[in-house]
Amino acid sequence: MDNKEIASLFQDIADILEIKGENVFKIRAYRRASSNIAGLSRQLSDIYHEDPSEVSNIPGIGKDLAAKIAEMVTTGHLEFYSELAGEFPRGFLDLLDVGGLGPKKLKKLRDVLGVENIDELEKACRDGKVAGIEGMGEKTQSKLVQEIVRIRENEGRFLAGTAGLLADEVISYLSEAGGIGKIEKAGSLRRGVEVVGDIDILAWAGEPEKAIERFVSFPGTSEVMARGQTRASIRVRGACQVDFRIVDKQCYGAALVYFTGSKQHNVKIRHIAKKKELKLNEYGLFTAAASGEEKPVAGKTEQEVYKKLGMSWIPPELREDRGEVEAALRGELPKDLIEYGDVRGDLHLHTVDTDGQMTLEQLMRKAVEKGYEYIAVTNHSKLVRIAGGMDGEELLEHVDDIRKVARKFRQLKVLAGVEVDILKDGTLDLEDKFLKELDIVVAAIHSNFSADKETQTKRVIRAMENRYVNMLAHPSGRLITKRNALELDMDRVFRAAAENNVMLEINTHGQRVDLNDAHCMRAKEMGARFSINTDAHDTAQMDGTGLGIATARRAWLRKKDVINTYKFDELKKALKR
DNA sequence: GCCGTTTTCGGCCCGACTGTTTTCAGTCG
């Protein structure tokens with residue numbers, strides 16, 4: 001079992017224990033373990049097989065959970081879970097995904113009405129039986145029906161790219177009206193997470209009521225889910241939930257910390273506050289209540305809050321309780337963490353010569369506009385017929401064209417390259433005699449996605465061993481919500497990348513984000529370097545580097561880890577094999 | 001179930017909103 005599976009199993013156990021009314025702290029322990037495991041950069045099975053005692057050194061993993069992990073990595077299943085899950089019918093736990101339905105109500109529904117899955121819940125609601133239960137009324141009942149309908153319509157998760165655009169829309173809509181002091185995204189969107197469940201927006205405003213009023217009338221609002229004096233939630237276009245909170249200017253920083261999360265990060269810094277006999281909440285940092293009245297210590301800015309807690313400001317992308325709090329306390333946060341303006345060029349781009357929408361000139365003009373120092377044009381090789389992939393001769397002509405056009409753009413260095421397909425056996429779709437004529441060779445998989453792990457791993461490594469390959473594009477091959485990642489032994493792939501000086505791509509396309517943050521952390525540990533590329537097929541996509549930089553920051557990557565932050569001369573050196 | 005410069009017991013983050021209540025439980029973040 002891999003970390004993802006183990007983490008989700010622990011999450012399921014927590015859900016079940018909650019329904020069973022178990023000790024809340026036990027439940028919390030499972031959730032914490034789950035979240036910590038999901039954020040690990042190494043596979044638990046590897047850690048276990050190397051040294052079983054290491055497992056209980058992971059925060060939140062004690063004797064009991066370590067034993068459960070041992071069972072999972074050795075046998076592939078967990079008896080404890082099987083027993084628990086056996087008590088509930090299939091599909092019952094999915095009911096926790098229904099908004100407004102928590103463990104308590106769920107238990108009641110099962111005990112009183114015998115509801116065991118979403119279909120039965122819907123029927124019970126439509127028959128009017130739910131409203132009869134103690135503690136539930138007409139409103140609960142009709143809300144549940146609405147919620148069920150929504151769940152059936154979509155999965156409830158949104159690509160950060162999509163959600164980010166909507167958030168920007170809402171923010172500019174709110175700002176236009178005036179009266180807003182400061183406003184920005186919070187939550188997982190601010191932390192740069194690739195997939196989000198909702199959008200959080202935080203503001204301070206002179207007249208909160210007016211701001212709330214405007215918010216709930218955002219065009220496209222299909223439902224006002226909650227509306228109070230300082231916070232409200234809407235659903236936009238029947239899908240994405242947007243939460244809006246207004247706070248006082250004086251506590252904006254504390255609120256921003258609070259609403260940015262992550263939850264685990266907040267728990268940890270509250271803990272630190274407590275140790276200092278302070279209390280931290282969304283209204284500020286206060287002297288603890290035990291001493292009588294609470295006096296504010298900080299709150300206006302995030303910097304102030306972190307400072308009073310004895311640490312430096314922590315970039316939002318790092319706030320996942322992956323050691324950032326401890327590092328900040330020691331003053332050892334990475335000083336040269338990659339910044340949003342650091343990328344000097346895009347090294348994976350397509351034009352109309354294969355499946356892109358841009359002509360060479362359009363592409364280069366856009367690159368100049370963006371202030372890039374260099375780019376690489378990397379069209380497809382022949383295997384990708386559907387994308388108009390080129391054979392060797394065509395490619396050489398194309399390279400001539402690129403160099404000709406590039407002469408008109410003196411301020412921009414242009415690398416003539418290719419995105420060459422990795423064939424089934426790990427050889428490349430173009431012979432070396434063509435590859436050696438190019439400035440950059442990006443290798444990628446676009447076929448045979450379902451090969452087994454050993455085959456797939458060998459395939460990728462063999463491709464990277466080709467001396468002309470400079471970069472591995474979208475290494476895991478996943479398409480979020482559409483296609484699972486390739487079966488790959490990532491550690492071996494990363495090691496081979498480091499050994500062969502092959503750059504690993506952080507592909508910023510919203511549906512890819514590939515490598516992801518956990519991969520990047522691990523790959524960095526193994527000595528690999530990266531390139532943040534958009535893989536753009538049109539000019540708008542060329543603006544998408546932000547998500548890749550966020551991912552790199554989440555992985556604590558420094559500028560020097562990412563080669564397309566280098567000056568051109570250094571880049572050329574970095575690409576030498 | 002985890003954890004420990006107050007350690008092997010006794011803590012474990014906390015406030016807003018909703019719906020159902022008539023003082024609060026449940027849910028959410």
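Labels below follow one simple rule: chain letters A, B, ... track the order of the sequence lines, proteins then strands, and each chain is numbered from 1.
Proximity of A/K274 to the phosphate of B/dC12: a side-chain N or O atom is located under 4.0 Å from OP1 or OP2. Phosphate contact (OP1/OP2 of B/dG1, side-chain N/O of A/K68, threshold under 4.0 Å): present. Checking the phosphate oxygens (OP1, OP2) of B/dG19, a side-chain nitrogen or oxygen of A/K139 falls inside 4.0 Å. Between A/S262 and the phosphate of B/dG29, there is no side-chain N or O to OP1/OP2 separation shorter than 4.0 Å. Note on A/Y30: every side-chain N or O is 4.0 Å or more away from OP1 and OP2 of B/dC12. Proximity of A/K279 to the phosphate of B/dG15: a side-chain N or O atom is located under 4.0 Å from OP1 or OP2.
Between the CE atom of A/M136 and the P atom of B/dA25 there is a distance of 15 Å, rounded to whole Å. Taking atom NZ of A/K63 as the reference point, atom C1' of B/dC2 lies 13 Å away to the nearest angstrom. A/Y283 has its OH atom 9 Å from the P atom of B/dG15, to the nearest Å. The distance between atom CG of A/L144 and atom C1' of B/dG26, rounded to the nearest whole Å, is 13 Å. The nearest whole Å value for the distance from the CD1 atom in A/I272 to the P atom in B/dC12 is 16 Å. Counting to the nearest Å, the C1' atom of B/dC2 and the CD1 atom of A/I37 are 13 Å from each other. Put simply, CG on A/D321 is 12 Å from P on B/dC3, counting in whole angstrom units. The nearest whole Å value for the distance from the CG atom in A/N36 to the P atom in B/dC3 is 9 Å.
Partner of A/F244 under the ring-ring contact (aromatic ring centres under 6.0 Å, His included) criterion, out of A/W204, A/F218, A/F215: A/F215 alone.
A/S233 comes within contact range of no nucleotide atom at all, as no heavy-atom separation falls under 4.0 Å. Backbone-only contact: A/I61 has heavy atoms under 4.0 Å from sugar-phosphate atoms and none from a base. As judged by a 4.0 angstrom heavy-atom cut-off over every strand, A/K263 is placed among the base-contacting residues. Across all strands, A/E134 comes closer than 4.0 Å to no nucleic acid atom at all (heavy-atom distances). Across all strands shown, A/Q264 has no heavy atoms under 4.0 Å from either base or sugar-phosphate atoms. Note on A/N266: nothing from the nucleic acid sits closer than 4.0 angstrom, heavy atoms only.
Considering only side-chain atoms of A/A226, the nucleotide from B/dG15, B/dC17, B/dG29 that sits closest is B/dC17. Listed nucleotides B/dG1, B/dG29, B/dT27 differ in distance to A/D200; the shortest reach to its side chain belongs to B/dG29. Among the nucleotides B/dG15, B/dG26, B/dC17, the one closest to any side-chain atom of A/K104 is B/dG26. Closest approach to the A/D64 side chain among B/dG1, B/dC12, B/dA16 is made by B/dG1 (side chain taken as heavy atoms from C-beta onward). Among the nucleotides B/dG29, B/dC17, B/dC2, the one closest to the side chain of A/R32 is B/dC2.
The closest side-chain donor-acceptor pair between A/S217 and A/Y173 falls under 3.5 angstrom. A donor atom on one side chain and an acceptor atom on the other are found under 3.5 Å apart for A/D243 and A/Q241. Side chain to side chain, A/D514 and A/S476 meet the donor-acceptor criterion of an N or O pair below 3.5 Å. Side chains of A/H509 and A/Q541: a donor-acceptor N/O pair is absent below 3.5 angstrom, by distance only. A side-chain N or O of A/R190 and one of A/T260 form a donor-acceptor pair less than 3.5 Å apart.
For B/dA16 and B/dC12, the C1' atoms lie 22 Å apart once the distance is rounded to whole Å. Comparing B/dT27 with B/dT21, their P atoms are spaced 15 Å from each other, to the whole Å. To the nearest whole angstrom, the two P atoms, one in B/dT6 and one in B/dG1, are 28 Å apart. Comparing B/dG10 with B/dC17, their C1' atoms are spaced 32 Å from each other, to the whole Å. The gap from the P atom of B/dT20 to that of B/dG15 amounts to 25 Å, rounded to the nearest Å. A gap of 24 Å separates the C1' atoms of B/dC14 and B/dC9, to the nearest Å. Taking atom P on both nucleotides, B/dT8 is separated from B/dC3 by 16 Å, rounded to a whole Å.
No side-chain heavy atom of A/P296 sits less than 4.5 Å from a side-chain heavy atom of A/Q250.
Nearest-nucleotide positions on DNA chain B for A/L101 and A/T140 put A/T140 closer to the 5' end. Position along DNA chain B of the nearest nucleotide to A/V267 versus A/R227 favours A/V267 as the more 5'-ward residue.
Remark: B/dT8 base-pairs with no nucleotide; criterion is Watson-Crick or G-U wobble with both hydrogen-bond distances under 3.5 Å.
Annotated as anti: B/dT21, whose O4'-C1'-N torsion sits more than 90° from 0.
Side-chain atoms of A/Y258 come within donor-acceptor range of the base of B/dG29, with a qualifying N/O pair under 3.5 Å.
A cation-pi arrangement is absent between A/K300 and A/Y252, since the terminal nitrogen or guanidinium carbon is not both under 6.0 Å from the aromatic centre and inside a 45° cone about the axis.
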